[in-house]
Student: 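Right, I'll just put the structure down here and ask away after.
Order of the sequence lines fixes the chain letters, A, B, ..., with proteins taken first and strands second; residue numbering starts at 1 for each chain.
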Protein chains: 2
Amino acid sequence: MTGTVLTEHIDASSDRAVFRQIADHLRQAVAKGRLKPGDQLPSEVQLIEHYGVARMTVRNALKLLQDEGLTIAEHGRGVYVRARPPVRRLASDRFAQRHRKEGMAAFIAEAGQAAATPHVDMIKVTEAKPPAEVADRLGVADDARVIVRSRRYSLDGRPVETAVSYIPADLAKGTPIAEPNPGPGGIYARLEESGHTLARFTEDVAARMPTPEEARLLSLPPGVPVFRLVRTAYDMDSRAVEVCDTILATDAYVLSYELPAH
Amino acid sequence: MTGTVLTEHIDASSDRAVFRQIADHLRQAVAKGRLKPGDQLPSEVQLIEHYGVARMTVRNALKLLQDEGLTIAEHGRGVYVRARPPVRRLASDRFAQRHRKEGMAAFIAEAGQAAATPHVDMIKVTEAKPPAEVADRLGVADDARVIVRSRRYSLDGRPVETAVSYIPADLAKGTPIAEPNPGPGGIYARLEESGHTLARFTEDVAARMPTPEEARLLSLPPGVPVFRLVRTAYDMDSRAVEVCDTILATDAYVLSYELPAH
DNA sequence: GAGTGGTCTAGACCACCAC
DNA sequence: TGGTGGTCTAGACCACTCT
């Protein structure tokens, strides 16, 4: 029912553009609960008739809401208030040693806790020269060789994260790290077995709109930004042993960190 | 010069929408360096003439790039490749006690390190009932009283962050925490003076597109998401003594965290 | 087939900016 | 004053979804 939605009309004396006024009305309808997540908005034709404007005007209004991440248009069906998917909390202890000891890579272990079905695909392992930013973080020369492990993670069939790991080739060559399946506990378990006990990680978190490529890989609807999370793993000798460049769908994650006040 | 930009033409046999093809060409021009940050894109008229399409088609293409955060349109001047502002790294030790001891609130201390001129405005201090989410984090009843401190932070004249702090009224009443100016070292210094030595913080980080209100307060151009960072401060008795709800411009910040691998 | 949103055309007038 | 982007109209045809 849209009967309780189309109540306001355009204020012709206002300086505010007509399509912004229409967007304002619809936004308010969502804010006040007249439209709830999953509800269908009035169709373009209904909006055209109610407001007495051209189609492009209502489309501009609807585009505005979509760009804000408030609604999602479904071709042939209608425009709906976006139903926020449940978010996963990424705790800062997710790389704690105890998880590796249990033979679980971080993503799989976490998915289990959340009662979601994890899946990993698009696994590709190559050897190459690292990007300059990665070489810098690893503390190796630009022309050093690194193992590049890329993959995509999904939960309950929905892709939520892509990741590319860079490991110095001298640490990875001849170990399962250079293989598509690195074995139980993931590459961190392998690194520790070869004497590089992990001491700490740093994580740099940025957020921005996705590139078209990222939007495709993560099946992102319009109006959803991505986290770019770059993690560097250090061993007990403070040597950087891995850099992991991750793109996360922001509608699927809340990152959770614990800071000492020392 | 746009002479090296308008080289491609529309592939009429492609399934890809014309405006997406135009956006692709311009995006590639930026990726390949034919258009650099700050450069002006071909005007709408130039694009119309080059591609032989209607104005709405090139406007759709330009809107797409703007929504990706790649370009910025300036009314009456032109469309430009967005020049990324320098980002500030927010280190995870920014609330370390030593900063408070030096009599500096976190934001001011950090700005000094970055050689930027900090400014705080729109300071408002009230007493109210906390939002349910905040009451939950503070571990107080929904109808408890809290001091609400809101303010906006700017760097070199550019607003970058809004923050709302909630402090249980019984901790704040009659102290400078309930005053607009809480004194040297900020409210954390006052809390510690009154016996609530800070032990740790948690930070939950989410990202999304801004509401129109947030976009206004932070002067955000289209295509720039915000971080929502909710920090909870705990004292040595593990009592939550403050919840701070912060909105940050993502084009101004990289958040940096340190994680132990214990 | 009826209804939905997606793309595109060909105009119009306006507001802002630089010269 | 001329060029720029911002808003709006009034159409058209298409692709998708549901019944």
Student: Tell me: CD of B:Gln40 to C1' of D:dG5, nearest whole Å?
Tutor: 11 Å
Student: So which nucleotide from D:dG6, C:dG5, C:dC8 ends up closest to the side chain of B:Ala17?
Tutor: C:dC8
Student: Does any donor atom in the side chain of B:Ser165 or B:Arg231 lie under 3.5 Å from an acceptor atom in the other side chain?
Tutor: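 Not at all, the side chains of B:Ser165 and B:Arg231 share no donor-acceptor pair under 3.5 Å.
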Student: Please determine, for the side chain of A:Phe19, which listed nucleotide (D:dT4, D:dT7, D:dC18) has the closest atom?
Tutor: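 Closest nucleotide among those given: D:dT7.
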Student: Can you tell me how far C1' of C:dT9 sits from CD1 of B:Ile10, to the nearest Å?
Tutor: 15 Å
Student: Hey, does B:Val53 have a side-chain heavy atom less than 4.5 Å from the side chain of B:Ile22?
Tutor: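 Side chain of B:Ile22 against side chain of B:Val53, heavy atoms only: contact under 4.5 Å found.
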Student: A:Leu47 has an atom CG; how far is it from atom C1' of D:dT9, in whole Å?
Tutor: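 Rounded to the whole Å, the gap is 17 Å.
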Student: May I ask whether B:His75 stacks on the base of C:dA15, given the cut-offs of 5.5 Å between ring centres and 30° between planes?
Tutor: yes
Student: Over how many whole Å does the gap from A:Arg20 atom CZ to C:dC14 atom P extend?
Tutor: 19 Å
Student: Are the side chains of B:Leu65 and B:Leu26 in contact, using a 4.5 Å heavy-atom criterion?
Tutor: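 Yes, at least one pair of side-chain atoms sits under 4.5 Å.
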Student: Which parts of residues 49-71 of chain A get close to DNA chain C, meaning a heavy atom less than 4.0 angstrom away?
Tutor: A:Arg55, A:Met56, A:Arg59
Student: Quick check, are the ring centers of B:His9 and B:His25 under 6.0 angstrom apart?
Tutor: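 Here the rings of B:His25 and B:His9 have centres that are no less than 6.0 Å from each other.
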Student: Could you check which nucleotide pairs with C:dG1 in any of the strands shown, counting Watson-Crick or G-U wobble with both distances under 3.5 Å?
Tutor: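 By the stated definition (distances under 3.5 Å), D:dC18 pairs with C:dG1.
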Student: Closest-nucleotide mapping onto DNA chain D: is A:Val18 or A:Arg77 further toward the 5' terminus? I mean the 5' end.
Tutor: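 Its nucleotide being nearer the 5' end, the pick is A:Val18.
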Student: Does the side chain of A:Leu6 come within less than 4.5 Å of A:Leu47's, by heavy atoms?
Tutor: yes
Student: Between atom CD in A:Glu44 and atom C1' in D:dC14, what is the gap in whole Å?
Tutor: 14 Å
Student: Hey, which of A:Arg82, A:Arg158, A:Arg88 is the one that makes salt bridge (Lys or Arg N to Asp or Glu O under 4.0 Å) with A:Asp251?
Tutor: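 Result: among A:Arg82, A:Arg158, A:Arg88, A:Arg158 is the only option passing the salt bridge (Lys or Arg N to Asp or Glu O under 4.0 Å) with A:Asp251.
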Student: Just the rounded figure in Å: distance from P of C:dC14 to CG of A:Asp15.
Tutor: 14 Å
Student: Verify the contact: side-chain N or O of A:Ser43 to OP1 or OP2 of C:dG3, cut-off strictly under 4.0 Å; return yes or no.
Tutor: no
Student: Heavy atoms only, 4.0 Å cut-off, all strands: where does B:Arg16 land among base, sugar-phosphate and nothing?
Tutor: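 Nothing, no nucleic acid heavy atom in range.
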Student: Any side-chain to backbone donor/acceptor pair from B:Arg149 onto B:Glu179? Under 3.5 Å, distance only.
Tutor: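 Yes.
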Student: Rounding to an integer number of Å, can you tell me how far A:Ile72 CD1 sits from D:dC16 C1'?
Tutor: 15 Å
